[in-house]
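Order of the sequence lines fixes the chain letters, A, B, ..., with proteins taken first and strands second; residue numbering starts at 1 for each chain.
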Amino acid sequence: MTSPETRRRELPWWLIAAILLAIAFGLVIGSDVSYRIIFGAVASGIWVTVFVTVIAYVFACAIGLGIASAGLSKHRVLRETATFYVEIIRGVPVLVLLFYMAFVAAPVMVAAWNIITEPLQAVGILGPASIRNFDLLWRAVVALVISYSAFLSEIFRAGLQSVDRGQIEAAKALGLSRFKVFRLVILPQAFRTVLPPLGNDFVAMIKDSSLVSVLGVQDVTQLGKVYSSGTFLFFETYSVVAYVYLLMTVSLSLAVRGLERRLQRHRDFIGDRR
Amino acid sequence: MQVLANAAAAAAILLSALVSQAGAADLPDLKGRTIIAVTENAYVPLNFADPKTGNGVGWEYDAVNEIGKRLNAKIEWKLTSWDAMIQAVRDGQFDVGMDGITINDERKQQVDFSDPYMVSEQYMLVRGDENRFTDGPTFAAFKDGLVGAQAGTTNFYVAVYSVLDGDEKNSRIKLFETFGASVQALKAGDVDTVLMDKTSADGYIGAQPGAFKIVGGPLGHEDFGFILKKGSDLTVPINAAIASMKADGTLDALNKKWLYDYKSQN
């Protein structure tokens, strides 16, 4: 087994290879007119992909943490509800969730909103909401949040459960409140455990965010589809699309590794003192 | 009078049989060669899975099978998705591909197109209670009006060039992955119209009475062609077969069978 220490000392050949490949492909895109056009056609979708992914991930983390806490709660109803949510949502394809959110749940939500705010509409404070106020991009984000919150909650559950019972008891013995035990003792330790799988799911989400293109969200994938359908340059376009996603995912992986390493050092430091 | 009419009809049938005989005799003979044809089964009534049997049927199946017969070739059918189909035809994995594909110059740089075999006329499908516009021009003038389409498809190009201002990035076009998704968006109120050919529109109207209707007349039209690998030796024989089928009324008979007589089951 490679210990963290030896991994740190190793020359990261994989990274050098990846960077060289990125440069090589970048040169091809830069020097070839048709590739340059394709890159230009899909590049404006990068910020949409990043926006959708980051927003959806932050909310999915928050909800996932809430569900994980509910799943570990003393109250049976909370536990059962959390498990029900995770098992059902985790089993439904993201694509199906996207369609249901966009065309079944969203119209119902808008209608419900109109019923709730009817008194306000009657006196003219609020106008009636139309389905168009609920942008398709946001419907896509909500669907991604729902889907990923189920996966992330399982990661958080594992992380929370990994914290030694003795530490919690010790913290309680010191007189910390339940919330402080959670915030100061459980969460920091759980965070270190869950960071690698969290990073993994973020990378997965960048890729899964390509599914929002089915709702017409103008992300990298959608722009690639538009371009390739019009020109029939499918292979060329998807190569560029893959390149753009790789740039995003590999740089993100590096950031997560860097964070892991810093936390590792922090732990080693504490270990030295002990 | 009746006798005369019957005689005329008989003569006409005889004549057309003779013409098609003569036409067939002029056609290239592929000597039993196998042509691998590919489609998607996602475009009623051109190519789709028969709800009863699950087998692929439709206008394009009939047309290409007939082309095979006339050229003395065996047609072997394959299925794939739109993206994969075009790439695979470009690579020569399949000999001929079809999916109601609009012929355009940009695409001609990547594949060979057969001669047009069908002209597609697009109509505006709207919600049943639509009264803010009544045809293409009034829709174009209705600034809040949104149109749903799929990227790079016939209805997309007609929306851009025949209804709106010719700008492919016009924000009044909302792009969806599938035809079904754009119709769902129309129903939900996300868009105000979806362009489609008459047969598809009738299918949706029949399936959900009152939910949809057609407004205005036919909009700009697009030519459909079969796609082949660039420089394919099948382009010339297939064009000859299409010409003979145009001349003897076979294509018209297929139009009648699939565009008018066939009732969509969805």
- Message: Run Asp192(B) and Arg132(A) through salt bridge (Lys or Arg N to Asp or Glu O under 4.0 Å) and show every step you take.
- Response: CA-CA 11 Å; Asp192(B) 301 299; Arg132(A) 281 184 206 177; 2.5 Å; yes

- Check the pair Lys108(B), Glu106(B) against salt bridge (Lys or Arg N to Asp or Glu O under 4.0 Å), reporting the backbone distance first and the verdict last. CA-CA 5 Å; Lys108(B) 275 185 194 162; Glu106(B) 248 178 329; over 6 Å; no

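Only the backbone of Val191(B) comes within less than 4.5 Å of a heavy atom in chain A; its side chain stays farther off. Interface remark: Asn104(B) contributes side-chain atoms only to the contact with chain A (heavy atom separation under 4.5 Å). Neither the backbone nor the side chain of Ala84(B) comes within less than 4.5 Å of any heavy atom of chain A. For a residue to count as touching a neighbouring chain, one of its non-hydrogen atoms must lie under 4.5 Å from one of that chain's; by this rule Ile173(B) does not touch chain A. Contacts between Ser228(A) and chain B at a heavy-atom distance below 4.5 Å are absent for every atom of the residue. For Leu136(A), the part sitting under 4.5 Å from any heavy atom of chain B is the side chain, from C-beta outward, and nothing else.
Listed options Arg107(B), Gln87(B), Gln110(B) were ranked by heavy-atom pairs under 4.5 angstrom with chain A; first place goes to Arg107(B). The candidate from Tyr227(A), Tyr238(A), Phe103(A) with the greatest count of non-hydrogen atom pairs under 4.5 Å with chain B is Phe103(A). Between chain A and the residues Lys187(B), Gln184(B), Glu168(B), Lys174(B), the largest count of heavy-atom pairs under 4.5 Å involves Gln184(B). By number of non-hydrogen pairs under 4.5 angstrom with chain B, the leading residue of Ala106(A), Gly230(A), Ala102(A), Ser213(A) is Gly230(A).
Side chain to side chain, Gln122(B) and Asp197(B) fail the donor-acceptor criterion of an N or O pair below 3.5 Å.
A cation-pi arrangement is absent between Arg139(A) and Phe99(A) under the rule of less than 6.0 angstrom and at most 45 degrees off the ring axis.
Annotation: Lys207(A), atom NZ; neighbour count of heavy atoms from other residues, nucleotides and ligands within 6.0 Å does not exceed 12.
Note: Tyr161(B) and Tyr157(B) have parallel aromatic rings, judged against thresholds of 30 and 60 degrees for the angle between ring planes.
A distance of 7.5 Å separates CD1 in Ile131(A) from CZ in Phe134(A), rounded to the nearest 0.5 Å.
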